[in-house]
Amino acid sequence: MTKINTISDLNALRNKIINEQKKFKITVTLCGGTGCQASGSQAVIDALKNELAKQQLMQTVYVRRTGCHGFCEQGPLMVIEPGNIFYCHISPEDVFEIVSKTILKGEVIEKLLYKDPVSGNLIKTEKEIPFYKAQDRHLLSQNMKVDPCSIEDYIAMGGYAALAKTIFEIPPDRIIKEIKESGLRGRGGGGFPTGRKWAECYEAPGNEKYVICNADEGDPGAYMDRCVLEGNPHLIIEGMMIGAWAVGAREGYVYVRNEYPLAVKNIKIAIQQAMNMGILGEKIFGSSFSFHIEVARGGGAFVCGESTALMASIEGKVGEPRPKDVHTVVDGLWNKPTTLNNVETWANVPSIILNGSSWFASKGSKGSKGTKILALTGHIKNTGLVEVPMGTPIRTVLFDIGGGALNGKTIKAVQTGGPSGGCLPDSKFDLPIDFDALYEAGSMIGSGGMVVMGKETCMVDVAKYFLTFLQDESCGKCVPCRLGIDRMLEIITTITEGRGKPEQIELLQELGDTISQTSLCGLGKTAANPVLSTLRYFREEYDAHINEKRCSAGVCQALITYRIDPEKCTFCGVCKSTCPHNAIIGQKKQVHSIDLQLCQKCGICRSECKFDAIFVN
Amino acid sequence: MLQYINLKIDGVNIRAAKGTTVLDAAFEYGICIPNLCHVPNLSNIGACRICIVEQIVNGRSKVTTSCTLLVQEGMIIKSNTDKIRNLRRNIAELLVAQAPNSKAIQDIAVRCGVKKVRYPFRNEKCVLCGRCVRACTELFRAKAIGFVGRGKNRHIDSPFGVLSEFCKRCGACIDLCPMTITPCSGPMKPGKERLCGECESQLYLSDKTPDHCVWCELGKGFQCGRY
Ligand SMILES: Cc1cc2nc3c(=O)[nH]c(=O)nc-3n(C[C@H](O)[C@H](O)[C@H](O)COP(=O)(O)O)c2cc1C
Ligand code: SF4
Ligand code: FES
């Protein structure tokens, strides 16, 4: 491989690659991300390559296997250029038809097109898909243009130009100034101004400094970091190198969650490729700047994503947080000044350097700039990764992009910010997605998880679910978090079991406040959010559980009874034969009923009944 | 040469050597900040959170543990505000509900103003303060015991659950353990756990917890460095 020693080397290489790629008349982009692989994209890719070879089209058709596009529920996905034709749910059997019709003749195959669940229309091109259209896919769109294992693709897209500009033209303090002015804030949850963090690390005494990329992503349901790291690893490398140049680090770590094998593989390949080209390693681009990156595998716990726990884990110690009275920018990894940023934060850096801070600051709201990737899941029509400018109202994400609730029902709440975020009711859906606005509303952007909840969700049960997660994931070191979460869960459990007392609400509030103010690390400091936010917005549900022993959503087992609607019962007897507890009484041709003494509330009868005759009380 | 630093704790001008923690600096001037996991001359891990104080930075107050906070020039610390007393009481309440069978824990509860316990009592034998672990590791370099497990399963054990050959049976761990001293009226039976509060002469403390040392009996032989 050629070594790059100057900016003009890089430009020449880019032009050469672009010219080579121009030889191909047609480009087929297939998603090879973890989501699409799970739905069988590898077999499609293999079948396509076979078919193209058979028809001797390898010289005209370029097959690009990219990282995740963020629309995993429709996978495997394919985009054919020119024409921007978008096919979804492709199986290897479709490949012959795709090659012979679409690739050779430009005909569109209707059965592979995407059907908009809102309007019911078939949609031909990727650009017209409502899910994509309402987004601003600054980072995610780059995923679609590069093969993660090809440094050439990345360079062709303009990659490493920001790094070259940095090394040859911009001194560290100006990089820091640029990042400060851009208003970039950390995407890992805290929203700390990145420029300020870099400045503190730059000013910290010492020659040995480190930069770290946090790709631990332990939030259940979140996968934006995986998507970016897996789909565009060179972008992260470039971002980290610019950061290292700015703060004065010569070594960096990418800390990847153990459950992300493809991300580990891709970043390792990318590091090797960059080393081979002289982009990473000693005397980069022939300058005096040297930088090395190592990949560290995560300890497998949610709390290992916390900055001090992560550094302890890299050092080979137990991944446990420690007090941060001296910040990690001064006393971090191996007690050296360390800059830790999230994957998405690093990913934003190269384009800020290339396009300028004012370009970045032009997107977003007053206090939160740029775009944010959200993981939209739950009771909603379109699920997947969504990238929107900061400041976009929650409602836009839910309805314009997400297409509204499933089955035309209403959305009761959204939970933002992962397990330690908060639940917001529909009266708050006009709030902008903005660090400060969500924080004031008792929630947070967090890592960007967004779980949509419908009418059949019990908010007390939701609080219980997240508390259970946090109790398992708390490291157990400090008292408020270990014992406090445990006691909150104890109280919530008594409430869901109908043994709650009115004074417990106040106790929950007081305890939640104590935990958030006194815990050692961010896990404890935010652990009360699920309880406090549901108490704030759904107080009536708690009251109903406590005072009336009623769970209006019909979720809390101890508070519900199953009954048969005599009007709807057709005496078919299905419930009677499926009930594992013999709790259903009724003769042939007579209305059936449920013996409440025997009923174990498993709900099997309800799901089996074809006439919707069984309801929850 | 020793460098000295000037700061204010509860309005008192304090001079402390560089590298001292706020907790140690306060003790030196007779300011009483309750604590549990802190042991003089061992590292501080900030686990019990009893020693919290308010630090005023640019007019904004920040709650942090005094045992892990090093003195800085011009620092302003408040150790005995209403806010801190409430938070401390809530933490002490969690502790005493978890492990009522210890005089040390009961003392802390009284000292921090716990009047009633709003949670069902448990009768755990360990509060995971980690004093034993640090004594073993740092004083004797034996590492015969350590923390095992995470969250609810966290406990103290010897490596792989077998008595380590490095254990010199020095007993330092037992000396430092808050759970070895039973309440004055003897161990509480399962189901009979309660908030002790029997040191009636000391109870006035919980109404108006002092910020200066009054030579009370609480913490005698344990967390109070005066005895
Ligand atoms: C319990 C806990 C888990 C965390 N997990 C992650 C994570 O998985 N990924 C991440 O980037 N940041 C995580 N963070 C935030 C990090 O501590 C840190 O603030 C962040 O990586 C800094 O990068 P940023 O400024 O770019 O956001 C976590 C924090 C806490 C308290
Ligand atoms: S807040 Fe929770 S996770 Fe963080 S150090 Fe304390 S116990 Fe561990
Ligand atoms: S004594 Fe400071 S946290 Fe325990």
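Numbers restart at 1 for each chain; the letters A, B, ... are given by sequence-line order, proteins then strands. All values below were derived from every heavy atom in this structure, side-chain atoms included, with hydrogens, water molecules and symmetry-related copies excluded.
Residue-environment remark: CD1 (B/Ile174) stays at or below the threshold of 12 foreign heavy atoms within 6.0 Å. Counting heavy-atom neighbours within 6.0 Å of A/Lys366 NZ, excluding the residue itself, gives a total of 12 or less. Annotation: A/Lys501, atom NZ; neighbour count of heavy atoms from other residues, nucleotides and ligands within 6.0 Å does not exceed 12. By the neighbour-count criterion of 12 heavy atoms within 6.0 Å, atom NZ of B/Lys78 is sparsely surrounded, having that number or fewer from other residues, nucleotides or ligands. Counting non-hydrogen atoms of neighbouring residues, nucleotides and ligands closer than 6.0 angstrom, the OH atom of A/Tyr465 reaches no more than 12 such neighbours. By the 6.0 Å contact criterion, CD on A/Glu506 is open, its count of non-hydrogen atoms from other residues, nucleotides or ligands being 12 or less. No more than 12 heavy atoms of other residues, nucleotides or ligands shown are found within 6.0 angstrom of CZ on B/Phe166.
In terms of non-hydrogen atom pairs under 4.5 Å with chain A, the most contact-rich of B/Thr64, B/Asn86, B/Ile45, B/Asn44 is B/Ile45. Of the residues considered (A/Arg322, A/Glu503, A/Glu510, A/Lys324), A/Glu510 shows the highest number of contacts with chain B, using heavy-atom pairs under 4.5 Å. Of all the listed residues (B/Thr65, B/Leu69, B/Asn153), the one sharing the greatest number of non-hydrogen pairs under 4.5 Å with chain A is B/Leu69. Contact count versus chain A (heavy atoms, under 4.5 Å) is highest, among B/Ile52, B/Leu70, B/Leu95, for B/Leu95. For chain B, the option among A/Ile515, A/Thr514, A/Leu470 with the highest count of heavy-atom pairs below 4.5 Å is A/Thr514. Counting heavy-atom pairs under 4.5 Å between each of B/Val63, B/Leu128, B/Val127 and chain A puts B/Leu128 at the top.
Using a 4.5 Å cut-off between non-hydrogen atoms, the part of residues 471-489 of chain A that approaches chain B consists of A/Gln471, A/Asp472, A/Glu473, A/Ser474, A/Cys475, A/Gly476, A/Lys477, A/Cys478, A/Val479, A/Pro480, A/Arg482, A/Leu483, A/Gly484, A/Asp486, A/Arg487.
No part of B/Lys62 comes within reach of chain A, as not one of its non-hydrogen atoms sits under 4.5 angstrom from that chain. Contacts between B/Arg89 and chain A at a heavy-atom distance below 4.5 Å involve the side chain alone, from C-beta outward. Both the backbone and the side chain of B/Arg150 have a heavy atom closer than 4.5 Å to some heavy atom of chain A.
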**Request:** Begin with the C-alpha distance, continue with both residues' side-chain angles, and end with the deciding distance and a verdict on side chain to side chain contact (heavy atoms under 4.5 Å, CB included) for B/Leu94 and A/Leu511.
**Result:** CA-CA 9 Å; B/Leu94 285 170; A/Leu511 180 56; 4.1 Å; yes
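For the pair A/Gln504/B/Arg118, no side-chain contact is recorded, criterion being any heavy-atom separation below 4.5 Å from C-beta on.
The heavy-atom pair separating A/Thr518 from B/Arg49 by the smallest distance is O-NE, 2.7 Å.
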